[in-house]
Amino acid sequence: MEWLEKTGVTVREAGPDDAVGGVRPSVVALPESVEEISAVLRACAEHDLAVVPAGGGTKLHWGAPPERCDVLLDLCCLNEVIEHAAGDLVVKAQAGVTMDALADALAAQGQELALDVPFAEGATVGGTLAAATAGPRAFRYGTARDLLIGITVVLPDGTVAKSGGRVVKNVAGYDLGKLFTGSYGTLGVIAEATFRLHPLPADRRYVVAGFESREHVQEVAALLATAQAEPSAVELDWPGGDAPCTLAVLVEGSAAGQRAEALREAMGAGTVTDEAPAWWGLITDDEVLLELRFPPARAGEVLEAVRGTGFALRGSPVAGRVRLELGTELAGAIGDTSIVAAEGDTGTGLAGVVSGLRERLAPLGGRVTVLAAPDENVDRWGPVSALPLMRRVKERFDPGRRMSPGRFVGGI
């Protein structure tokens, strides 16, 4: 595409690994600055081409497949930490900076961004914001949306807009940080982000305990949610079915050892260690991945609702957020129409699993989101009361439907 090359941005032909939800783009553009992102989007607007932003590519199969994808905008070259104001506990980074690289840079100054990404490597600042992934310590420190204090975005027509941080330029009064976090690239391109930091804790200890009873897990989780030892995170790992649950609690800061011992005694089980469990905060298989959100007080009932689905569960019962991965009963059998959500449910296949879960979680105040799935017929989002408002925001920012069209809620 000569017209795109005229922007001065590096362009290459797309390959199979560049596909977004199975939709292969024609070309990949690799901008090296905010200005080059703007140039690409202006050119795409002139030719009515659809653009999908990408970071490390770890979540390109999340969300629905785009209706069209002409240009994949690879932000890997925007990989600089722009400013680290250690005295103010603030960092500004480009969207293509990997979370690992950012963590290393901050650790050298005794600080951290308290976001735990769910993949061992490859996740970027922009991708973490676009998918709004939350890790174990969101229980104490909040999610990406809470730690974000400034953002620079490029709108579909090439306009560069900023909000928060040290420079404020709002767009018609919108809070760009909140809008773009979790938007799956459907409103524009996240180019830079400014975050609030925390000092690295002086010490960390984990209390790890196994429980046979899901009711016991609920009791312990309720205890931990109000514990005076102030845990930073409480994570549950459950293979599903009748398998036992493993509960791990993180305690950070001064006297972490003594506080962890106090929690262990209150829990009535477990061991104290300075090493996190191998599964802590990670997604190990996201071929099919569901997220459940619910009132923490209903965690025990949520576990019961999941039992029998064939899914493995991992996440925080005290934050009311868990993810479901394929268990051994479902692995390799998602296309099998004999799979049902649970005994007594009539739905078949993955769609039946999801439908059955939604029916059982709705009375508990919970909701089910399908983050990733190979089945395009699955209802990924379920009922969303704010959908009319979200459609108006999409129309305001991207009336031409060129940014990741169809990837988000309601085909936005």
Side-chain angles (χ1 to χ4, degrees), residues 16 19-24 58-69 118-119 131 133 184 186 214 236-243 245 282-294 298-299 301-315 321-385 387 404-412:
V20 181
V23 180
R24 182 170 170 174
T58 57
K59 296 176 284 293
L60 281 182
H61 62 296
W62 287 27
E67 296 169 3
R68 56 193 182 113
C69 177
F119 299 101
T133 49
Y184 280 75
T186 57
R214 288 174 293 281
L236 179 67
D237 182 57
W238 179 37
D242 295 323
C245 303
L282 296 180
I283 293 173
T284 55
D285 181 359
D286 63 342
E287 177 188 2
V288 175
L289 187 68
L290 280 56
E291 182 177 72
L292 276 54
R293 298 193 182 191
F294 51 88
R298 313 302 292 268
E301 294 164 277
V302 169
L303 292 180
E304 184 60 30
V306 172
R307 187 175 67 86
T309 63
F311 276 95
L313 179 150
R314 184 174 296 161
R321 182 188 291 109
V322 298
R323 299 187 184 104
L324 304 185
E325 300 181 18
L326 292 179
T328 54
E329 297 176 24
L330 281 182
I334 281 301
D336 186 347
T337 56
S338 66
I339 298 172
V340 295
E343 185 176 354
D345 287 329
T346 58
T348 59
L350 179 58
V353 176
V354 174
S355 176
L357 277 172
R358 284 186 175 133
E359 289 178 6
R360 291 192 293 281
L361 262 62
L364 307 178
R367 60 173 291 105
V368 179
T369 301
V370 181
L371 298 179
D375 186 354
E376 296 184 16
N377 296 319
V378 173
D379 180 358
R380 296 172 185 267
W381 309 101
V384 178
S385 59
L387 184 56
S404 305
R407 290 199 73 199
F408 199 29
V409 177
I412 289 175

Heavy-atom closest pair, residues Ala373 and Leu350: CB-CD2, 3.7 Å
Residue list, salt bridge (Lys or Arg N to Asp or Glu O under 4.0 Å) with Arg24, at least two apart or on another chain: none
Using the ring of each side chain (for Trp, its six-membered ring), is Tyr184 parallel, tilted or perpendicular to Phe408, with breaks at 30° and 60°? parallel
After noting the C-alpha distance and the side-chain angles of Phe311 and Leu292, does the key distance pass the side chain to side chain contact (heavy atoms under 4.5 Å, CB included) rule? CA-CA 12 Å; Phe311 276 95; Leu292 276 54; over 6 Å; no
Hey, is the main chain of Glu291 close enough, under 3.5 Å, to the side chain of Arg321 for a donor-acceptor pair? no
Nearest-0.5 Å distance that lies between atom CG in Leu357 and atom CZ in Arg367: 13.0 Å
Is any side-chain heavy atom of Asp286 less than 4.5 Å from a side-chain heavy atom of Leu371? no
Any residue meeting salt bridge (Lys or Arg N to Asp or Glu O under 4.0 Å) with Asp237, in chain and number order, not counting sequence neighbours: Arg314
Do the side chains of Leu303 and Leu313 get nearer than 4.5 Å, heavy atoms only? yes
Using the salt bridge (charged side-chain N to carboxylate O under 4.0 Å, His left out) rule, take Glu325 and Arg323 through it: C-alpha gap first, then chi angles, then the decisive distance, then the call. CA-CA 7 Å; Glu325 300 181 18; Arg323 299 187 184 104; over 6 Å; no
Taking all heavy atoms of Arg358 and all of Thr369, pick out the closest pair and write down the distance. NH2-CA, 4.3 Å
Do Val306 and Val322 touch side chain to side chain, with heavy atoms closer than 4.5 Å? no
Measure across Ile412 and Thr186 and return the closest heavy-atom pair with its distance rounded to 0.1 Å. O-CG2, 3.7 Å
Nearest heavy-atom approach of Pro66 to Val20 is CD-O, 3.3 Å
Closest non-hydrogen contact found for Lys59 with Phe119 is CG-CE1, 3.8 Å
Where is the tightest heavy-atom contact between Arg298 and Leu364, given as atom of each residue plus distance? NH2-CD2, 3.2 Å
Enter the distance from Arg68:CZ to Ser404:OG here, rounded to the nearest 0.5 Å. 11.0 Å
With a 4.5 Å cut-off on side-chain heavy atoms, are Leu361 and Glu301 touching? no
Take Arg307 and Asp242 through the side chain to side chain contact (heavy atoms under 4.5 Å, CB included) test and state the conclusion after the steps. CA-CA 8 Å; Arg307 187 175 67 86; Asp242 295 323; 4.0 Å; yes
For the side-chain contact (heavy atoms from CB on, under 4.5 Å) test, which of Leu324, Ile283, Leu326, Val370 pairs with Leu289? Ile283
